[in-house]
Amino acid sequence: MNKRVVITGIGGICGLGSCAADIWGAMCEGRSAIGVLTSLSLHDITARTGCAIRNLPQHEIKRKQILSMDRFSVLAVLAAREAVQQAGLTATDRNRYRLGATVGVGVCGWEAIEQDYRAMLLHGRKRTGAFTAPKVMPGAAAGHVSMDLGLRGPVYGVTSACSSSNHAIASAVDQIRWGRADVMVAGGADAPLVWGVVKSWEAMRVLSPDTCRPFSANRLGAVLGEGAGMVILESYDHARARGAEILAELAGAGLSADAFDIAAQTIEGPEAAIRACLADAGLVPEEVDYLNAHGTGTKSNDQIETAAIKRAFGDHAYRMSVSSTKSMHAHCLGASGALELIACVMAIRHGIVPPTANYEEPDPDCDLDVTPNVARERKVKVTLSNSFAFAGTNAVLAIKAA
């Protein structure tokens, strides 16, 4: 249970770019990829602001496999391939039962669901597609990653709305600590930019009509995006034995539940998750240099998160850097935490804190150093990544310099 867990590869795809390096470059520039959604599949949606992946890169996924994949699974495979390549890992007959995958998903395969419903209800088709059931299940992304990479260790999906990828990563850490695996491919993927999902978020009146402005006094709501992020987690001893480059250490995780409301947050739940994460990582608040906030851009979320950070960190809350990269890649639901983990790892490696883009007006209720608009050079040794979700499920990760 005391095994150290390290990160040896990262991969990502979202509106900011089709690889982790491009995503990080855009973050450092403070460049937002949020814009007008032009997809014809959104039909009569009025909330046309989002962050879409304009073109998928060439992937060469086998036709037999692609027929049973929804978009979120494709994104998961692309990000996982990149992470595995950077880590220099190959599944062989000797090690494949010690390699696993956990993938967090917030809304599963709604593209396939919607296509079938429209075909049957509007156009009179009598049956669904032959592969609809395996396409839509939340665990499909993890299964496809395992098939694509040849992983036969612990493989499963995790779903807890917007905390899904952080829960998946925390669960993968446990598999390594418990000795069930030497290596885990972990992260999240989601593709929610389809009519039914966007329509439901529109009905909640939490979507911004223009862009995402976390912590800014004139923020108008969240923006939905799509994407995937993956990291390669290994036991420290395994990584050293194979001569892998260690990018950072996944030092700890903290999980909690609000047990309060299906949509509204509390301050106590996020605070408890932050405190639990620090304890699991053996850290004190003063050691944290940068915190990647959940920061959705809604009025209540940003105020509550600010209050929770203040309670957990005390006076140090005003001395560390904070930012929300959702201001650039939007809220990718189950993929958000994994994309934000890329920002945390790269902040440590490059000594740069990515900004909160689109920030315009100070909010007295969100009075932390939120790194407005412009990236900042800073020596970063320890970062935290917050993810809070509907149903009050909270997951916080701690990342340390290798």
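Here the structure is a predicted model, which is why all the values come from computation and not from measurement. The first residue of the sequence shown is numbered 1, and numbering continues consecutively from there.
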Practice item. For residues Ala293 and Val322, report the shortest heavy-atom separation together with the two atoms involved. Key: CB-CG1, 4.0 Å
Review point. Just by distance, do the side chain of Gln115 and the backbone of Ala112 share a donor-acceptor pair under 3.5 Å?
Key: no
Check your understanding: Asp289 and Thr383: side-chain contact (heavy atoms from CB on, under 4.5 Å), yes or no, with the steps?
Key -> CA-CA 6 Å; Asp289 303 301; Thr383 69; 5.9 Å; no
Exercise for review: Mind running salt bridge (charged side-chain N to carboxylate O under 4.0 Å, His left out) on Glu268 and Arg311 for me, showing each step along the way?
Suggested key: CA-CA 9 Å; Glu268 292 79 11; Arg311 286 194 188 183; 3.5 Å; yes
Check your understanding: Which distance, rounded to the nearest 0.5 Å, do you find between the NZ of Lys310 and the SG of Cys366?
Key -> 8.0 Å
**Study point:** His294 side chain to Asn394 backbone, donor-acceptor under 3.5 Å
**Key:** no
Point to revise | side-chain contact (heavy atoms from CB on, under 4.5 Å) between Ile7 and Ile246, intermediate numbers included | key: CA-CA 6 Å; Ile7 299 169; Ile246 295 174; over 6 Å; no
Check your understanding: Between the side chain of Ser164 and the main-chain N/O of Ser160, is any donor-acceptor distance below 3.5 Å?
Key -> yes
**Study point:** Nearest non-hydrogen partners of Glu226 and Ile53, listed with the distance
**Key:** OE2-N, 2.8 Å
Review point. So which of Ile176, Leu233, Leu89, Asn95 actually passes side chain to side chain contact (heavy atoms under 4.5 Å, CB included) with Val183?
Key: Leu89
**Study point:** Ser171 and His167 side chains, donor-acceptor separation under 3.5 Å
**Key:** no
Exercise for review: Could you tell me whether the side chain of His316 and the main chain of Gly314 form a donor-acceptor pair under 3.5 Å?
Suggested key: no
Check your understanding: Is the side chain of Ser165 donor-acceptor paired with the backbone N or O of Gly334 at a distance under 3.5 Å, no angle test?
Key -> yes
Practice item. Mind checking the SG-NE2 spacing from Cys162 to His331? Nearest 0.5 Å is all I need. Key: 3.5 Å
Study note, to complete from the structure: What one should report as the nearest heavy-atom pair of Arg81 and Glu60 is NH2-O, 4.0 Å
Revision key, fill the gap. Per salt bridge (Lys or Arg N to Asp or Glu O under 4.0 Å), Glu234 is matched among Arg240, Arg98, Lys3, Arg242 by Arg242
Check your understanding: Does the Ser73 side chain pair with the main chain of His144, one donor and one acceptor, at a distance under 3.5 Å?
Key -> no
Review point. Regarding Asp237 and Ser235, is there a side-chain donor-to-acceptor distance under 3.5 Å anywhere?
Key: no
Review point. At what distance, to the nearest 0.5 angstrom, does CE of Met320 lie from CZ of Arg378?
Key: 9.0 Å
**Study point:** Asp116: which of Arg125, Lys126, Arg127 passes salt bridge (Lys or Arg N to Asp or Glu O under 4.0 Å)
**Key:** Arg125
Check your understanding: What's the shortest heavy-atom distance between Pro214 and Gly295, and which atoms?
Key -> CG-O, 3.4 Å
Check your understanding: Sub-3.5 Å donor-acceptor pair from the side chain of Asp302 to the main-chain atoms of Phe215, do we have one?
Key -> yes
Review point. Under 3.5 Å, is there a donor-acceptor pair linking the side chains of Glu305 and Asn386?
Key: yes
**Study point:** Salt-bridge contact Glu111-Arg71 (side-chain N to carboxylate O under 4.0 Å)
**Key:** no
**Study point:** Pair Arg349 + Glu245: basic N to acidic O under 4.0 Å
**Key:** yes
Practice item. Would you tell me whether Tyr290 and Ser323 have side-chain atoms, one donor and one acceptor, within less than 3.5 Å of each other? Key: yes
Revision key, fill the gap. Those residues at least two apart in sequence (or on a different chain) that pass salt bridge (Lys or Arg N to Asp or Glu O under 4.0 Å) with Glu286 are none
Exercise for review: Taking atom types as modelled, find out whether Thr46 and Glu202 have a side-chain donor-acceptor pair closer than 3.5 angstrom.
Suggested key: yes
**Study point:** Closest contact, heavy atoms only, Gly30 versus Pro355
**Key:** CA-CG, 3.7 Å
**Study point:** Salt-bridge contact Asp148-Lys62 (side-chain N to carboxylate O under 4.0 Å)
**Key:** no
**Study point:** Salt-bridge criterion met for Arg96 and Asp93 (N-O under 4.0 Å)
**Key:** yes
Study note, to complete from the structure: Between Arg219 and the options Asp363, Thr298, Asn358, the side chain to side chain donor-acceptor pair (under 3.5 Å) test singles out Asp363
**Study point:** Donor-acceptor contact below 3.5 Å, side chain Thr102 vs main chain Ala168
**Key:** yes
Point to revise | From CG (Leu37) to CG (Leu42), nearest 0.5 Å | key: 6.0 Å
Review point. Taking only residues two or more places apart in sequence, or in another chain, which ones meet Glu82 in a salt bridge (Lys or Arg N to Asp or Glu O under 4.0 Å)?
Key: none
Exercise for review: List in chain and number order the residues that pass ring pair (Phe, Tyr, Trp, His ring centres under 6.0 Å) with Tyr156, two or more places apart in sequence or in another chain; answer none if no residue qualifies.
Suggested key: none
**Study point:** Step-by-step side-chain contact (heavy atoms from CB on, under 4.5 Å) determination, Thr325 to Leu339
**Key:** CA-CA 9 Å; Thr325 54; Leu339 292 168; over 6 Å; no
Check your understanding: Under a 4.0 Å N-O cut-off, is there an ion pair linking Asp210 with Arg48?
Key -> no
Practice item. Kindly say whether Ser324 contributes a backbone atom to a donor-acceptor pair with the side chain of Thr356 at under 3.5 angstrom? Key: yes
Review point. With distance as the sole criterion, is a donor-acceptor pair present between the side chains of Asn292 and Ser385 under 3.5 Å?
Key: no
Exercise for review: Begin from the C-alpha positions of Leu291 and Ile309 and carry the test side-chain contact (heavy atoms from CB on, under 4.5 Å) through to its verdict.
Suggested key: CA-CA 9 Å; Leu291 185 146; Ile309 291 169; 3.9 Å; yes
Exercise for review: Indicate yes or no for a side-chain donor-acceptor contact from Asp190 to the backbone of Pro192 under 3.5 Å, with no hydrogens or angles considered.
Suggested key: no
Check your understanding: Salt bridge between Glu340 and Lys326, side-chain N to carboxylate O under 4.0 Å?
Key -> yes
Review point. Honestly, is Arg118 close enough over Trp195, meaning NZ or CZ under 6.0 Å from the six-membered ring centre and within 45° of the axis?
Key: yes
**Study point:** Ser216 and Glu360: side chain donor to acceptor below 3.5 Å
**Key:** no
Practice item. Write down the atom of Gln303, the atom of Asp365, and the distance for their closest heavy-atom approach. Key: NE2-OD2, 3.6 Å
